[in-house]
Amino acid sequence: MATIIDGKAVAARVRAEVAAGVSALVAETRGPPGLATVLVGEDPASAIYIANKQKASAEVGIEGRDHRLAADVSQDEVAELLASLNDDPAVSGILLQLPVPAHLDGDALTALIDPGKDVDGLTPISAGALAQGRPGLRPCTPLGVIELLDAYDVPLEGTEAVVVGRSLLVGRPLVFLLLERNATVTVCHSRTRDLPAVCARADVLVAAVGSPRLIGADAVRPGAAVIDVGINRTDDGLAGDVDFEAASQRAGLITPVPGGVGPMTIACLLRNTLQAARAAHGAARVR
Ligand code: NAD
């Protein structure tokens with residue numbers, strides 16, 4: 001039976017570190033880091049995500065700014081708001097909640113965010129920096145995956161890592177973070193032939209698909225570390241991309257859903273915001 005990775009506990013540790021870092025920064029600069037969230041429209045799931053991010057920010061001393069725009073706002077109006085946030089020194093991080101309504105171009109809007117404030121790590125500049133191994137802000141969920149593996153002392157260097165999913169949000173950036181740690185990385189996606197056989201090679205298996213219980217016991221190498229990013233609403237409640245009951249019989253370590261990767265995403269967002277504030281403060285001091 002696998003050890004169950006406690007994402008809530010690891011996330012609490014990260015939040016406490018961020019809170020301490022925020023206090024130190026405030027003592028030094030007298031200004032807290034600021035996280036501006038931008039929500040367009042009234043999608044209830046997005047509104048809950050934003051509320052959770054704002055609440056978590058307040059708990060660690062980050063000043064939240066909750067910008068809400070009507071669903072029929074124009075591309076230019078959102079762009080103007082982003083430009084004003086880019087210019088505002090009290091704003092350390094900017095988060096544009098995706099997806100935006102269909103008449104807006106979410107990719108183009110994301111690209112307008114100052115890379116120094118890109119706490120979601122999703123602008124082309126941030127993605128390029130990650131791909132080239134240069135410093136920058138990294139996407140929160142993939143960071144959370146690496147943090148969990150580190151918290152449980154899972155070795156990465158030289159190991160076989162398999163990532164299922166190649167999205168810009170999770171799978172693809174995770175590939176680069178794993179490469180940075182010298183893992184041998186295989187990426188699987190919807191056209192992969194014989195998914196279970198490829199997954200079964202993995203010392204570290206990460207599923208980020210959005211398909212309930214896709215990864216069964218036959219896809220898990222005995223003793224592997226299995227990280228389940230998936231969050232799927234099913235008739236019998238939340239389910240991950242991994243068949244937890246079956247996979248936990250073979251894995252060495254496994255994340256539950258909920259309580260695994262989920263709590264890490266917001267914790268890493270807070271850490272990114274602190275990192276952005278520190279960098280801005282450092283840059284301001286140099287000038
Ligand atoms: P996405 O839909 O953008 O990408 C899914 C990826 O899975 C694609 O690259 C696709 O090629 C691949 N895929 C689809 N079907 C497949 C199959 N049968 N076999 C192999 N690969 C297949 O999704 P996403 O944004 O990366 O999110 C993935 C999951 O992670 C979702 O359940 C989402 O809710 C969840 N998620 C969780 C968090 C968190 O904080 N825990 C954050 C982001 C996303």
| query | Considering the options L174, V204, D150, which one meets the side chain to side chain contact (heavy atoms under 4.5 Å, CB included) requirement together with V145? | reply |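 The passing option is L174.
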| field | Partner of I113 by side chain to side chain contact (heavy atoms under 4.5 Å, CB included), out of I94, I125, V38 | value |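 One option only clears the test, and that one is I94.
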| request: Given salt bridge (charged side-chain N to carboxylate O under 4.0 Å, His left out), test R271 with E147 step by step and report yes or no. | output: CA-CA 12 Å; R271 202 172 57 185; E147 192 72 36; 2.8 Å; yes
Side-chain donor or acceptor of [X] paired with backbone N/O of [Y] under 3.5 Å:
X	Y	answer
K53	L269	no
R166	R172	no
D243	I215	no
N182	E157	no
T192	L195	no
N86	L112	yes
D228	D241	yes

| task | Assess whether side-chain contact (heavy atoms from CB on, under 4.5 Å) is satisfied between R65 and D88, documenting all intermediate values. | result | CA-CA 12 Å; R65 293 164 177 229; D88 185 343; 3.0 Å; yes
Could you tell me the separation between the [atom1] atom of [X] and the [atom2] atom of [Y], rounded to the nearest 0.5 Å?
X	Y	atom1	atom2	value
I5	I254	CD1	CD1	8.5 Å
L109	L82	CG	CG	6.0 Å
L95	S57	CG	OG	9.0 Å
L98	L39	CG	CG	10.5 Å
N52	T265	CG	OG1	11.5 Å
L81	D76	CG	CG	12.5 Å

Close side-chain approach of [X] to [Y], heavy-atom, < 4.5 Å:
X	Y	answer
L69	E77	no
D203	R221	yes
D118	D120	yes
H67	L85	yes
V40	P101	yes
I146	E180	no
L169	P139	no
N272	L143	yes

| With a cut-off of 6.0 Å (strictly less than), are more than 12 heavy atoms of other residues, nucleotides or ligands near CG of D235? |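 Result for CG/D235: open.
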| message | Heavy-atom count check: over 12 atoms from other residues, nucleotides or ligands less than 6.0 Å from Q75 CD? | response |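 Yes, because the 6.0 Å sphere around CD of Q75 holds more than 12 heavy atoms from other groups.
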What is the minimum heavy-atom distance between [X] and [Y], and which atoms define it?
X	Y	answer
A183	A161	CB-CB, 4.1 Å
A202	V162	CB-CG2, 3.6 Å
A239	R213	CB-NH2, 3.7 Å
V187	G165	CG1-O, 3.9 Å
V220	R250	O-NE, 2.9 Å
L137	G116	CD1-O, 3.7 Å

| Is it the case that one hydrophobic cluster holds both V261 and V175, taking links as side-chain heavy atoms less than 4.5 Å apart, direct or via other members? |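 Looking at the clustering, V175 is in the same group as V261.
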| field | Audit row: I4, F244, side-chain contact (heavy atoms from CB on, under 4.5 Å) steps and yes/no | value | CA-CA 10 Å; I4 296 174; F244 182 86; 3.7 Å; yes
| query | With the threshold set at 4.0 Å, does a side-chain nitrogen-carboxylate oxygen contact exist between E17 and R13? | reply |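 Judged by the 4.0 Å cut-off on N to carboxylate O distance, E17 and R13 do not form a salt bridge.
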| said: Distance alone, cut at 3.5 Å: any donor-acceptor contact between the side chains of S92 and T273? | reply: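 Their side chains do not contain a donor-acceptor pair, so the 3.5 Å distance test is not met.
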| task | Would you check, one step at a time, whether the test side-chain contact (heavy atoms from CB on, under 4.5 Å) holds for L205 with V164? | result | CA-CA 8 Å; L205 174 62; V164 190; 4.1 Å; yes
